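This one's a predicted model, so the numbers in the text were calculated from it and none came from an experiment. When a ligand or atom number is given, it counts from 1 through the structure's own listing order.
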Amino acid sequence: MNASAVVVAAGKGIRMGHTVNKVYLTIAGKPVLYYSLKAFDEIDWIKEIVVVVSKEEMEYCQENVVKKYIFKKPIKLVEGGSERQYSVYNGITNTKEDCEIIAIHDGARPLVEKETVIKALKEAYLHKAVALGVPVKDTIKVVDGKNFILNTPDRKYLWAIQTPQVFERNLIIKAHQKALEDGFLGTDDTVLVERLGYKVKVVEGDYRNIKITTPEDLIVAEAFLKK
Ligand SMILES: Nc1ccn([C@@H]2O[C@H](COP(=O)(O)OP(=O)(O)OP(=O)(O)O)[C@@H](O)[C@H]2O)c(=O)n1
Ligand SMILES: C[C@](O)(CO)[C@H](O)COP(=O)(O)O
């Protein structure tokens with residue numbers, strides 16, 4: 001398999017409330033982004049890693065992540081956009097044209113494991129579009145604008161979606177271009193493929209693959225890493 005990884009790290013980390021972008025905060029002495037790249041770096045099928053960073057942080061990332069740690073794969077830094085979706089688009093269009101499969105991952109998900117990524121890559125080869133996810137543990141309610149419950153979806157059909165999300169290269173580029181044309185902004189990449197009428201397979205991931213979003217997530221991530 002000839003695959004590329006696109007890791008998006010160009011956010012602002014506003015919910016973290018820190019002056020430094022959360023992907024450069026450290027867990028057990030190393031930046032969050034280092035861990036998010038590591039699983040991909042260890043997989044033979046992945047031939048390159050494209051990291052999407054903000055223009056202002058390009059040099060910082062190069063010095064403090066790419067050069068500082070040893071990666072086996074070529075790492076290319078490209079500029080991000082004002083929304084995650086635009087950052088992803090810049091990443092996927094900067095992958096090598098001969099790659100068949102692209103794995104898109106949040107730089108803010110440092111606990112993803114190599115075996116889980118391999119499982120997603122294999123499924124993407126079969127189904128063209130997959131997302132990692134885990135069954136939700138809570139009961140989910142749909143509420144109105146005043147917080148009154150409208151309905152309670154059956155939990156057995158509800159999954160919390162994570163990254164990586166893995167796609168055939170041509171399909172995900174087409175899906176992003178269509179979303180751009182339509183002015184559609186989604187909160188993940190599979191929704192753009194769903195809009196094209198394709199079936200997306202959810203592959204069971206791991207509850208530990210959390211997204212570092214608010215300060216307590218760093219404590220949880222460090223505890224998982226120490227295990
Ligand atoms: N314009 C953006 C926004 C987000 N991301 C990346 O997308 C991932 C998931 O986004 P999120 O957790 O929302 O990160 P931030 O946008 O940084 O966080 P916040 O919404 O709290 O500002 C992160 O790795 C983030 O760096 C990105 O590359 N470009
Ligand atoms: C793509 C994603 O990680 C799926 O869970 C998530 O939607 C991105 O996070 P955001 O907070 O919506 O940017």
Could you check whether [X] pairs with [Y] (Lys NZ or Arg NE/NH1/NH2 to Asp/Glu carboxylate O, under 4.0 Å)?
X      : Y      : result
Glu115 : Lys119 : no
Arg155 : Asp138 : no
Lys146 : Asp144 : no
Glu123 : Lys201 : yes

Open item on the list: Can a donor-acceptor pair be found, under 3.5 Å and without considering hydrogens, that links the side chain of Glu48 to the backbone of Lys96?
Closed with: yes
*asked:* Has Glu168 got a side-chain atom pairing as donor or acceptor with Lys128's backbone, closer than 3.5 angstrom?
replied: no
Between Tyr207 and Lys137, is there a cation-pi geometry (under 6.0 Å to ring centre, at most 45° from the normal)? yes
Nearest-neighbour protein heavy atom for [atom], which is reported as residue plus atom name and distance:
atom                    : value
atom 10 (P) of ligand 2 : Lys211 NZ, 3.9 Å
atom 24 (O) of ligand 1 : Val8 O, 2.8 Å
atom 15 (P) of ligand 1 : Gly13 N, 3.6 Å
atom 3 (O) of ligand 2  : Asp106 OD2, 2.5 Å
atom 11 (O) of ligand 2 : Arg15 NH2, 2.9 Å
atom 6 (C) of ligand 2  : Thr187 O, 3.6 Å
atom 9 (C) of ligand 1  : Asp106 OD1, 3.5 Å
atom 14 (O) of ligand 1 : Lys22 NZ, 3.1 Å
atom 10 (O) of ligand 1 : Arg84 CD, 4.4 Å
atom 5 (O) of ligand 2  : Ile161 O, 2.6 Å
atom 26 (O) of ligand 1 : Gly11 N, 3.0 Å

Please work out whether any backbone atom (N, CA, C, O) or any side-chain heavy atom from C-beta onward of [X] is under 4.0 Å from ligand 1, and answer side chain, backbone, both or neither.
X      : value
Ala10  : both
Arg109 : neither
Ser82  : backbone

Q. With only distance considered, is Asp188 within less than 3.5 Å of ligand 2 through an N or O on each side?
A. no
Thr163 heavy atoms within 4.0 Å reach ligand 2 at atoms 1 (C), 3 (O)
**Prompt:** Could an N or O of ligand 1 be found under 3.5 Å from any N or O of Val52, whether backbone or side chain?
**Reply:** no
If you count heavy atoms of other groups shown closer than 6.0 angstrom to NZ of Lys122, is the number above 12? no
### Query
Do the ring planes of His176 and Tyr89 sit parallel (below 30°), tilted (30 to 60°) or perpendicular (above 60°)?
parallel
Any side-chain donor-acceptor pair under 3.5 Å between Asn209 and Gln162? yes
Polar side chain donor-acceptor pair, Glu83 to Ser87, under 3.5 angstrom:
no
Heavy-atom proximity to atom 13 (O) of ligand 2 ranks first, among Gln85, Arg84, Arg109, for Arg84
Going by the 4.0 angstrom heavy-atom rule, the piece of His105 near ligand 2 is neither
The residue among Val117, Asp106, Val88, Asp188 that forms side chain to side chain contact (heavy atoms under 4.5 Å, CB included) with Thr163 is Asp106
